[in-house]
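This report concerns only the one structure given below.
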Amino acid sequence: MKNKEISKILYEIADFLEIKGVKYKPRAYRKAARNIEALTEDVENIYERRELKEIEGVGESIAEKISKYLETGELEYYERLRKDVPVDIENLTNVEGLGPKSVKKLYNSLGIETLEDLEEAAKAGRIADVKGFGEKIQEKILENIDAARMGRERKLIGRIFPLVQDLKKRIQGKDVFERVNIVGSYRRRNPTIGDIDVLALSDDSEEAMEEFCNLNDVEEVLAKGDTKSSIIISGNIQVDLRIVDEVSYGSALMYFTGSKDHNVSIRSKAKGRDWKLNEYGLFDSNDERLAGEKEEEVYDKLDMSFIPPELRENTGEIESAERGSLPDLVERVDIRGDLQIHSNYSDGSASMREMVENAEEIDLDYVLFSDHGPSLKIAGGLSEKEFDEQSGEVEELNDEFDVEILLGVEANIVEDGLDISKDWCEKCDFLSVAMHNRPKDATDRILSVFENYPVDIWVHPLGRQFFSRDPLDIDLDKIVDKTEEEHIAIEISSQPERLDLDWRNVKKYRDKADYVISTDAHSTTELDFMRFGVSQARKGWCNEDSVLNTKSIDKARSYLNG
DNA sequence: GCCGTTTTCGGCCCGACTGTTTTCAGTCG
Ligand SMILES: Nc1nc2c(ncn2[C@H]2C[C@H](O)[C@@H](COP(=O)(O)OP(=O)(O)OP(=O)(O)O)O2)c(=O)[nH]1
Ligand SMILES: [Mg+2]
Ligand SMILES: [Mg+2]
Ligand SMILES: [Zn+2]
């Protein structure tokens, strides 16, 4: 999958064009780069379908460049730009405070091409002598150069969640803060989070900033002003704080929640009316405030319904809000069952009894235990004999608990079908299937299993895992059609590393597909992962009706078995 | 370079912080 590679080239082109002082094109290249980076589908497939231009921000020219690169492995336009200023633009601009313009100056004056050159020049004191630079910048470069070498990897929302909650509590705990909201990609429930953005209300912003920059785990203060500060806390995590007045709080929430593209779009709309939208409010052409204290008011004045943060990705939500046709999104309280949990019969850490007790505590009506089939021994795969034992225990537990306990298997899609017999399939309340390797004919294998076995749920459909596994290269159009035909539900996994099916595809297929949101919990605490799956369903524009486990077990059963 | 219930050409979001600068450019959100 070359998405990352291509978006990197586009980002670099943007930087090189900025070096040359070209207007607007850098923004265009960056926008295209961002959208390609965010794709779940392999850009090469989109190229093969001749649909590159459907990607937001990709037009004639960029589509042609991507095609050339995919066909020849080279891009002359990019190579030419790089020849003019032959620097390691990606790494150099990774140094906090260094952008394309500074990199060019340093190249022209000192011939700096790499981070090593930069460090050497800074240590020798040569940077301070360059016009436009000085001692402080030179010092800052030396301080930040190692961070640039390491890079800052994005964090998974499900993993950073406790830390964010704790940080929020710590800030809220200080009297000088009257209101605190976590915003940015976290509020939008992005699967991954680049930094933690915080909006706050305080009548003494100076003192508030002081407290913020002196939190006990602050490692570096990147910037500190009256309304805005940035710090690095332990774990190499950046935290940005913005403080505004109450009259601006709503518009500041909008600004700081983003996304950037959503902001730009919506600000352009305001501008089209001769108004102005910024973090302080919505203003008419006489600078009279039209709204600002509440987000709802700002959207309302712009003749839009309120846009839930999860939808603010500039993927059609603005037009939809203008038409008043945004979906009524599914909520966590709508969820009535969890159709993938595990116990110590396989690689789970808790007994079935413990899992059920906890499920009852969080008001679930039903749960499905579905451990791996026999071919996945490393993941604690069960033999049919072990399954039968488990089945016996399920029967006992069902007598004892109100929660309806269902038993199934996560069967593995293998070369000639599933790794369990059809007889075994019939013993399952629900049959879940998944692919755990990546053969060339994956699409056909999946389709054939859907046709030939009584499949109920297709779990972690793309097999994606953040930072380690790319999504499977399969024909989702075809497979989703088949799930509709066969009454098979598609899982949205709540596991932080998976969140699979991903929200963009969830959105794409939401009218056809029936989704189930599952935790894949391997311990009692992981039952709480449900919130992350629900967030992804919301990002995918799902209403309650598109999610099967918001329904009673009888309704779910009659659909899946029908 | 992209894009269109104002446009197929003429626009392209808006502001804070920093360092170096005598008034602002660069970078970042
Ligand atoms: N209007 C406007 N708002 C911006 C711009 N850049 C960032 N913002 C707003 C929207 C962002 O969601 C918010 C926080 O910025 P971040 O850089 O932290 O981005 P975000 O949190 O969305 O993603 P992240 O996971 O941190 O990479 O600030 C911009 O250029 N213009
Ligand atoms: Mg952020
Ligand atoms: Mg930020
Ligand atoms: Zn699996």
Side-chain angles (χ1 to χ4, degrees), chain A residues 10 13-15 17-35 52-66 77 92-106 127-141 144 183-185 194-199 205 209 213 221-231 238-244 248 251-252 254-283 303 314 318-320 322-323:
Chain A
L10 296 176
I13 289 175
D15 284 342
L17 290 170
E18 202 154 325
I19 282 180
K20 301 183 89 157
V22 177
K23 296 278 171 208
Y24 301 112
K25 288 193 194 185
R27 170 191 316 189
Y29 277 96
R30 284 199 186 100
K31 185 169 184 179
R34 269 203 308 279
N35 287 322
L52 285 173
K53 284 170 69 179
E54 318 253 301
I55 301 169
E56 177 77 15
V58 176
E60 195 77 47
S61 167
I62 293 182
E64 199 173 299
K65 291 187 173 74
I66 296 172
Y77 179 73
L92 285 171
T93 54
N94 266 348
V95 178
E96 172 78 25
L98 279 195
K101 294 282 165 67
S102 310
V103 167
K104 175 176 193 197
K105 273 191 206 159
L106 291 173
I127 289 181
D129 297 337
V130 179
K131 204 170 107 197
F133 291 75
E135 294 287 345
K136 287 200 171 168
I137 292 178
Q138 181 168 274
E139 223 171 276
K140 216 173 121 182
I141 287 173
N144 290 325
V183 287
S185 48
D195 66 358
I196 303 171
D197 301 293
V198 185
L199 179 67
S205 75
M209 287 302 176
C213 293
V221 176
L222 297 174
K224 182 172 175 224
D226 296 336
T227 71
K228 181 180 164 182
S229 297
S230 292
I231 58 175
Q238 180 170 333
V239 186
D240 296 332
L241 172 67
R242 193 73 201 262
I243 295 179
V244 297
S248 298
S251 44
M254 271 179 78
Y255 152 69
F256 217 11
T257 298
S259 64
K260 176 182 163 163
D261 287 343
H262 175 89
N263 288 354
V264 169
S265 250
I266 218 157
R267 286 173 179 209
S268 306
K269 292 263 179 203
K271 191 173 177 153
R273 300 181 179 204
D274 264 336
W275 294 351
K276 183 176 63 176
L277 176 61
N278 57 29
E279 59 267 51
Y280 299 106
L282 179 65
F283 303 91
D303 295 317
N314 201 32
I318 293 175
E319 295 68 24
S320 201
E322 284 173 331
R323 289 195 305 269

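Computed from a predicted structure; not experimentally measured.
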Base, sugar-phosphate or nothing for A:Pro100? Non-hydrogen atoms, less than 4.0 Å.
sugar-phosphate
P atoms of B:dA16 and B:dT21, separation to the nearest Å:
24 Å
Base paired to B:dT8 (Watson-Crick or G-U; both N/O distances under 3.5 angstrom)
none
Between the protein and nucleotides 21-23 of chain B, are there any N/O to N/O pairs under 3.5 Å, and if so, what are the atom names and distances?
none

Would you say A:Thr93's side chain and A:Pro100's backbone share a donor-acceptor pair under 3.5 angstrom?
no
Of all heavy-atom pairs linking A:Ile127 and A:Gln138, the shortest is N-OE1, 3.0 Å
Whether the side chain of A:Asn263 engages the backbone of A:Ile266 through a donor-acceptor N/O pair (distance < 3.5 Å, no angle test) should be reported.
no
B/S/- contact track for nucleotides 7-16 of chain B, protein heavy atom under 4.0 Å
-----BBBBS
Inter-nucleotide P distance (B:dG29, B:dT23), Å rounded
29 Å
Would you measure the distance from the P atom in B:dC13 across to the matching atom in B:dT5 and give it in whole Å?
15 Å
So, is A:Gln138 near the phosphate of B:dG19, with a side-chain N or O under 4.0 Å from OP1 or OP2?
no
With the side chain defined as heavy atoms from C-beta on, A:Lys224 is closest, among B:dG1, B:dT18, B:dC28, to B:dT18
Could you tell me if A:Ser265 and A:Lys269 have a donor-acceptor pair between their side chains, going purely by distance under 3.5 Å?
no
Ion pair check, A:Arg30 and A:Glu18, cut-off under 4.0 Å:
yes
